Amino acid sequence: MDNRDHTGSEKRHTAMGLFLTLLAIVFLTDILTNIITAIFHIPIILESVLGGFLVISIAYPALYLLIFKPLSVEIARRKRVEKMKDEFIGTVSHELRTPLSITKEGLSLVLDKIPGPLNEQQARILTVSKNNINRLSRIINDLLDISKIDAGKKVVRHEAFDIIPVIWQTMALFQARIRDKGLAFRSVLPKGAIVVRGDVDAIIQVLTNLIGNALKFTERGSIDISLKDTPEEIELSVHDTGVGISKEDMPKLFEKFQQFGRVNGPGEKGTGLGLAIAKGIITAHNGRIWAESEFGKGTKITFVLPKNKE
Amino acid sequence: MAKHKLLIVDDEIDFLEMLKLRLEANNYSVVTAMDGNEALEKFKTEKPAAVLLDILMPGMDGIDVLKKIRKENSKVPVFIITAFSNEERFKMANKLNASGFIVKTNDLQKEIQNITSAIAISEGFKGR
């Protein structure tokens, strides 16, 4: 948001500067033409030739120095900053992931009893440690996704794909965990292929985040996936009968680092970035995402994705 | 069944140690190298059944090592060790003639499951 405001006001400043510079040049060359004409008694017929000459010899260097040069310097600076940011993200992801993966594997080796037997308490302590290492991995991955979204580099592909098998595949990943919790997991999907255009990995991530949230915050009842198909767009909803979201929390729902209805105790903890990422991805597809919820009764998150036919 | 010998190459000594323990627990014998030159030397002397190769290494990187390995032997399975998943992986897969990937951040026990079958396929080729 801030960035866009900055760019907007900078653009206004640049436009104003250009206008004033042009005005000054016209004014200046006109005065100069009149002075020179008066001093050297230049015939009227040559006055416009002189004016033209002055405009070219003053206006071009002035425009270059005042407008084009600073502008190109600014563009080069922004490109440099952008490149540094990309390199930073790449370095951070590699430098953080390597020590994390080593620590995680060390814990896994001991938990898999490869160096020798392990008592129950030791196993429990190491399991908690490993779960939190996994949590740290998720936070890093989510933060990287947020920076990619901010840089406009998360949604990179715009390929046509059938969304129905994508929904089935994502649901299959959750089937066992939802069943273990004793919840019903249903879907109402139209028959036949529904082709949309976009980044399939990013859309899978949105679905994973939405179903994952529903699972996390629902203790009894059901999770339902439904899809409405129209010629222009698809509307997909994930509806749960979980804890719901209070009216006060609703406006902050898609903001970064917001966690509501947080479950204390063991289990997979969130990063507070899932819905912000989902919104970023859907927005990058020119879609919309929103939530409806009744506190204590459940939540329904819906997104609309334009089909972008070509 | 005789143990298959694997060559693992990574400049990160701690990761090398963890992966070695994991592979040995899965009945492989393991030789290690910490840079490209050492990797190529051990590839010639140890004749491993498969190579697990880190891409990002100072000096000669994994891509150069893989190219040189392919000059010596076009069939030996080479798995790329990477800290990335998803899009970066697919990009690399297209570029390199690799058998698969070992994603550092994933569960390594699952990541190493394909090594044996890749070795079996390459040995099948050898027999013909």
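Throughout, protein chains are lettered first and strands after them, A, B, ... in sequence-line order, and every chain is numbered starting at 1. No experiment lies behind these values; they were computed from the predicted model shown.
Expressed to the nearest 0.5 Å, how far OG1 of B/Thr105 lies from CD1 of A/Ile133 amounts to 12.5 Å. To the nearest 0.5 Å, the span separating CG on B/Leu108 from CG on A/Asp112 amounts to 10.5 Å.
Dense packing is recorded around NZ of A/Lys181, with more than 12 heavy atoms of other residues, nucleotides or ligands lying under 6.0 Å away. The number of heavy-atom neighbours closer than 6.0 Å to CD of A/Gln175, taken from other residues, nucleotides and ligands shown, is above 12.
Looking at A/Ser137, neither its backbone nor its side chain comes within 4.5 Å of chain B, counting heavy atoms on both sides.
Scanning residues 6-26 of chain B against chain A with a 4.5 Å heavy-atom cutoff picks out B/Glu12, B/Asp14, B/Phe15, B/Met18, B/Leu21, B/Arg22, B/Ala25, ordered by number.
The side-chain contact (heavy atoms from CB on, under 4.5 Å) check on B/Gln113 picks up B/Gln109, with sequence neighbours excluded. Applying the salt bridge (Lys or Arg N to Asp or Glu O under 4.0 Å) rule to A/Arg77 yields the partners A/Glu74; only residues at least two apart in sequence or on another chain are considered. Here A/Lys113 pairs with nothing under the salt bridge (Lys or Arg N to Asp or Glu O under 4.0 Å) rule; sequence neighbours left out.
Each of A/Thr98, A/Ile114, A/Asn134, A/Leu109 has some count of heavy-atom pairs under 4.5 Å with chain B, and the biggest count is that of A/Leu109.
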